[in-house]
Structure formats: C-alpha cells, structure tokens
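First comes the structure, then the notes that go with it.
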Amino acid sequence: MNILLLGSGGREHAVAWKLAQSSLLSGPNDTLYAAPGNPGIADHARCVALDAGDHAAVITFCVKHDVGMVVIGPEAPLVDGLGDSLRNQDIPVFGPSQAAAQLEGSKGFTKDLCRRANIPTAGYVRTRSLDEAVSALDRFTPPYVVKADGLAAGKGVVIAATRAEAAGALTDMFSGRFGADSLGAGAEVVIEEFMRGEEASFFALTDGSAIMPFGSAQDHKRVGEGDTGPNTGGMGAYSPAPVLSAELEAQVLAQIIQPTVDTLRAEGTAYSGVLFAGLMLTDEGPKLIEYNCRFGDPECQVLMTRLHSDLGELMLACAKGELAEQSAAEFADETALTVVMAATGYPGSPEKGGAIHLGDAETNGAKVFHAGTKQDDAGNLTAAGGRVLNVTGTGGNVTAAQSAAYSAVDRVTFETGFCRRDIGWREVAREKATASR
C-alpha cells in the first residue's frame, strides 16, 4: 500500500526509516510519502509539501495517491482532530481521535481521568484564573509543580522552589508565554504536588481494546550536564530503561495503562495509537506524570533502533482494530542510546544555518536521525531548528551504547552545535557500581 507520514523531526525520521522496512511497502509501486519530511526522511520517503492543518488538502492527497494509511507523527494535528477528518473519509489512521488526544492536549483532562479511574498520580488542582491559581498555592508545599494545561512543546512545566517563583510562573502562563492559542496552552493551569523518585517512560500500542507493550526509555530534559538548566524537548534518551523492571512494567500496565484504555472506551472515547506514559517511580510505586498521544522525541529514535517487528503491520492493526491478532512486539536485547546535537542558543533562540558534515558518523552500526536540518541551494546540509541531529549508538548495556553514540558524535562536524556529554549518566554510574562489587 501507499502510506503517508506527517511530520518533519527526528521522531518522524526514525519512523520513516522503520516503515521503509515494512512488508506493507515491499511492492514495486508501494510508496511512503512524508509531509513535509526533511533531508534524512528523504532517504526513505518521497517528501511532499502538505499542510497538516489543512484537513481537506490532506484528504485530497490521500484520495489522489491511494493512501492506505496515514501515520500522524506530532501531537498538534492529533489535538486538532485530523484523525477524525481522515476516518470520516474511511482512511485508516495511526493516532487517536481529537477527543482521545486530550490526554496530551489537556493536562487537566488527564488528571480528572486519573481521579475517575483510580490511576496513581500526584494530587492536583485545576485553575482558570491567575487569582485562583495563586490562592491554590496555599494547598501545596514547595517545590511547586506548575503546568500550562495545553500543548507547549514540552516546555510548559515549571518546578518552582519558592512560592514567589511559582507565582511568577503562573503570571507567565496566564499571560500567554507558553502559547495561549487555539490549542489552549496557558488558558488553564494545573498545580500539582511534587513527586520524588526517578522518571521513566513506558510505551504501549492499542486499538482501543487490545494493548501491546512497546518498550521503555529514559530521557534527559534539562539542557545542561548533570540535569541542570532549563527544560527542553529532550537532549537524549536510551532504551530499555533498566529501572523499569518486568515487575514494575506489569504494575504500570495493570494500574495505569489498562484502566486508561478501559475508561476511555467505556466513556465513548476509545483511544487508538501509541500511549506514551511519563512515569515517576516513587517509594509508593509507579505514578503517572503525564500522557503523550504520540511517540516521544527522542525516545522514538531509540525504540525504533531496537525494534525487530514490522512497524507498518502493527500500526495498521491499531488503525483497523485488529491489534489482538498481532504477535507481541519484538525488540533487540541490546541498549540503544541517542544524543541530541542542538544549535547554539537552544532552547532559547537557536542559531540556524550552521553547516553540518556527517562524514563517516554512520559507521560501526551508528545511525544519525535528522531532527532540524535542511539543504541549502547548493545542496549542503545545514541546521534549521533547535534540536538538529539525533546521533544513535547501540551496545550490550548503557555504558557500551553511550560509548558508541559519542564516538559517532565526535565524527560529526557541526561547529555551531552542541550536545550534552553525559546522556545515560545515572545508569552508567549504576553499571559501574555493579561491576565493582
């Protein structure tokens, strides 16, 4: 069949790379289209100019090119209801409906769902005005967790050490600093109790009924080494997450994922696609921090690097409600670790246009996913965003995968870029401690 992939980042490059290996695209006339794509995605797909916000244009393209499935990469088109528009035209979609995508589109929606379904999460309050929010701080103790309700590109969360800092964050959010637009970020603010523990991510595919575990990962949100500095969309990740043991994964499935899928289905909002659960591993057990309604970025890159199963078949099964007929997803036992190379100035105002030379970075099994690149008029690769490259290596454990990834990073020439040099540091320290016993 023909498949249309929407998106242009490192996540979509990883998905395109894996989809291109699918049996669904094995025929001589089968085509993977990507809109808008990027120079890396162009190695695996035919890139086309198509605005995901123009639902009619996407539908017209699908009909004209006999598209058998649409894979929606980023969250904004899902929250905007593109999946519904396509399904209304009988076009299979990997990704949830607009109503179900509220799991990411509204933090308050997800917190209320947790309350109804008895899903473990932090205590919270939803606020709709600055005065109400400042008063609500009295119900919490520092540090304060303050979240813009809607989409904010991974940057709408502030952990404030003092009440004054929390009040300042609330002022910023209600004034629209985090994107008070049609998607609603900043129009409402959720205040939560602070949870202590280690964070991890767990992924599951679902067609609204059947659930298939799809791996774990840990990412690094802070821009600076040692997890310092402002939050970003993610500076690196590795998979699997050893801290998420088989016992804990079973707990997450039973206490968090299953009741989420069951409750949404019972309420007439069946969820189809990938569920990305951000977790806090507390002394009381795993608790849900938040949901995302698409693959994480850069977590997707390490998941796809390890995936042995046919991604296209699994996505189509989700889209058609046939996931129960599929075998469990198979992943390599090895660890994959990715390092984000970002443009100077990120996460503020990144310097764009810097020259990039990949050289022989993709040797010894390394893979470079393009996150924010473009080709200039002469065909040279340049930086076109904040997060620019995802340099990925594999190994028998996190230490070995880290070594492979940074060996590849050192073969990339990107003078106006930077990266953290400590991705995986917590697990590397644990592996070192275990080896010394």
### Summary
Taken in chain and number order and not counting sequence neighbours, the residues that satisfy salt bridge (charged side-chain N to carboxylate O under 4.0 Å, His left out) with Glu362 are Lys367

### Message
Listing request: all ring pair (Phe, Tyr, Trp, His ring centres under 6.0 Å) pairs with a residue in residues 286-312, at least two apart in sequence or in separate chains.
### Response
Phe214-Phe295

### Summary
Ser309 meets the side-chain hydrogen bond (donor to acceptor under 3.5 Å, both in side chains) criterion, sequence neighbours left out, with none

### Message
Taking salt bridge (charged side-chain N to carboxylate O under 4.0 Å, His left out) as the definition, give me every residue that meets it alongside Arg115, ordered by chain and number, with sequence neighbours left out.
### Response
none

#### Entry: Those residues that, when tested against Glu225, pass salt bridge (charged side-chain N to carboxylate O under 4.0 Å, His left out) (two or more places apart)
none

Name the atoms and distances for all side-chain donor-acceptor pairs under 3.5 Å in residues 243-250, with sequence neighbours left out.
| from | atom 1 | to | atom 2 | distance (Å) |
| --- | --- | --- | --- | --- |
| Ser245 | OG | Leu248 | N | 3.2 |

### Task
Inspect the contact between Arg126 and Asp112 and indicate whether a charged nitrogen and a carboxylate oxygen are less than 4.0 angstrom apart.
yes

### Task
Using side chain to side chain contact (heavy atoms under 4.5 Å, CB included) as the criterion, list what pairs up with Pro39, not counting sequence neighbours.
His370, Thr373, Gln375, Leu381

### Task
Scan residues 244-283 for pairs that pass ring pair (Phe, Tyr, Trp, His ring centres under 6.0 Å), counting only residues two or more places apart or in two chains.
Phe203-Phe276

### Summary
Sequence neighbours excluded, the answer for side-chain hydrogen bond (donor to acceptor under 3.5 Å, both in side chains) partners of Thr434 is none

### Message
Whether Arg294 and Glu104 form a salt bridge (side-chain N of Lys/Arg under 4.0 Å from carboxylate O of Asp/Glu) is what I want to check.
### Response
yes

### Message
For Arg421, give me all partners under salt bridge (charged side-chain N to carboxylate O under 4.0 Å, His left out), at least two apart in sequence or on another chain.
### Response
Asp410

### side-chain hydrogen bond (donor to acceptor under 3.5 Å, both in side chains) against Asn118, all qualifying residues, sequence neighbours excluded
none

### Query
Asn2: what forms a side-chain hydrogen bond (donor to acceptor under 3.5 Å, both in side chains) with it, not counting sequence neighbours?
none

